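Reviewing the structure listed below.
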Amino acid sequence: SGGGNPPSFAEPTEGKQSEIRNPVETVLFEGLCSGRISLHPAGGGGFGYDPLFVPAGHTHSFAELGQAVKNTLSHRARALQRLRQYLTST
């Protein structure tokens with residue numbers, strides 16, 4: 001075929017390959033939670049370092065503060081908050 005419009009993706013062109021690509025952008029979101037490591041584990045909740053980590057501004061470990069409080073202070077919660085802000089602003 002000469003001139004004219006380029007072939008539609010719905011109409012295969014014999015003998016030729018077509019590609020459809022979506023542009024990909026990687027966006028990273030960092031969350032920080034400052035605090036201190038206690039010498040003595042405290043609390044029965046959480047996992048891993050939760051009984052040892054005391055977030056800044058608090059006197060109790062994540063394990064003592066409980067899941068609801070931890071989910072507002074943790075590095076993961078803060079990274080997700082930034083992701084949420086990004087998704088609602090774009």
Side-chain angles (χ1 to χ4, degrees):
S1 68
N5 294 328
S8 162
F9 286 113
E11 300 172 17
T13 304
E14 192 172 325
K16 296 189 178 186
Q17 290 183 331
S18 298
E19 289 183 345
I20 299 175
R21 293 185 182 205
N22 291 326
V24 176
E25 177 184 358
T26 300
V27 182
L28 301 177
F29 299 92
E30 182 178 49
L32 299 175
C33 181
S34 299
R36 64 181 177 82
I37 303 297
S38 174
L39 297 177
H40 307 287
F47 65 96
Y49 61 82
D50 288 355
L52 293 170
F53 189 78
V54 179
H58 294 269
T59 57
H60 294 89
S61 71
F62 269 153
E64 294 173 295
L65 291 172
Q67 197 68 32
V69 174
K70 179 184 173 186
N71 285 344
T72 65
L73 300 174
S74 76
H75 63 291
R76 289 182 186 93
R78 291 179 176 175
L80 286 172
Q81 181 182 31
R82 289 182 175 187
L83 169 61
R84 213 175 286 116
Q85 290 169 346
Y86 174 81
L87 292 174
T88 58
S89 69
T90 55

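Quick note: residue numbers are just sequence positions, from 1. Please read these numbers as outputs of a predicted model, since none were measured by experiment.
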Test side chain to side chain contact (heavy atoms under 4.5 Å, CB included) applied to Val24 - qualifying residues, sequence neighbours left out: none
Are any non-hydrogen side-chain atoms of Leu73 and His58 less than 4.5 angstrom apart? yes
Heavy-atom closest pair (Pro51 atom, Ser61 atom, distance to 0.1 Å) is O-CB, 3.5 Å
What's the spacing between Leu65 CG and Ser74 OG if we round to 0.5 Å? 11.5 Å
On a heavy-atom basis, which atom in Cys33 and which in Phe62 lie closest, and how many Å separate them? SG-CZ, 3.8 Å
How long is the straight-line distance from CD of Glu64 back to OG1 of Thr59, given to the nearest 0.5 Å? 8.0 Å
Under 4.5 Å side-chain heavy-atom separation, chaining through any Ile, Leu, Val, Met, Phe, Trp or Tyr, what else clusters with Leu28? Say none if it is isolated. none
Is there a path of hydrophobic side-chain contacts, each under 4.5 Å between heavy atoms, that joins Val69 and Phe53? yes
Backbone of Ala68 reached by a side-chain donor or acceptor of Asn71 within 3.5 Å: no
Could you check whether any side-chain N or O of Ser38 sits under 3.5 Å from a backbone N or O of Pro41, counting only pairs where one atom can act as donor and the other as acceptor? no
Is it true that Tyr49 and Phe47 fall in one hydrophobic cluster, defined by side-chain heavy atoms closer than 4.5 Å? no
Can you see which heavy atom on His60 is nearest to which on Pro55, and at what distance? O-CD, 3.6 Å
Is a side-chain N or O of Ser34 found less than 3.5 angstrom from the main chain of Ala56, in a donor-acceptor match? no
Rounding to 0.5 Å, atoms CG (Leu52) and CZ (Arg36) come to a distance of 10.5 Å
Indicate the atoms forming the closest heavy-atom contact of His75 with Gly31, along with that distance. CB-O, 3.1 Å
Are Val27 and Leu83 connected, step by step, through hydrophobic side chains (Ile, Leu, Val, Met, Phe, Trp, Tyr) whose heavy atoms are closer than 4.5 Å? yes
Residues passing the side chain to side chain contact (heavy atoms under 4.5 Å, CB included) test with Leu32, sequence neighbours excluded, are Glu30
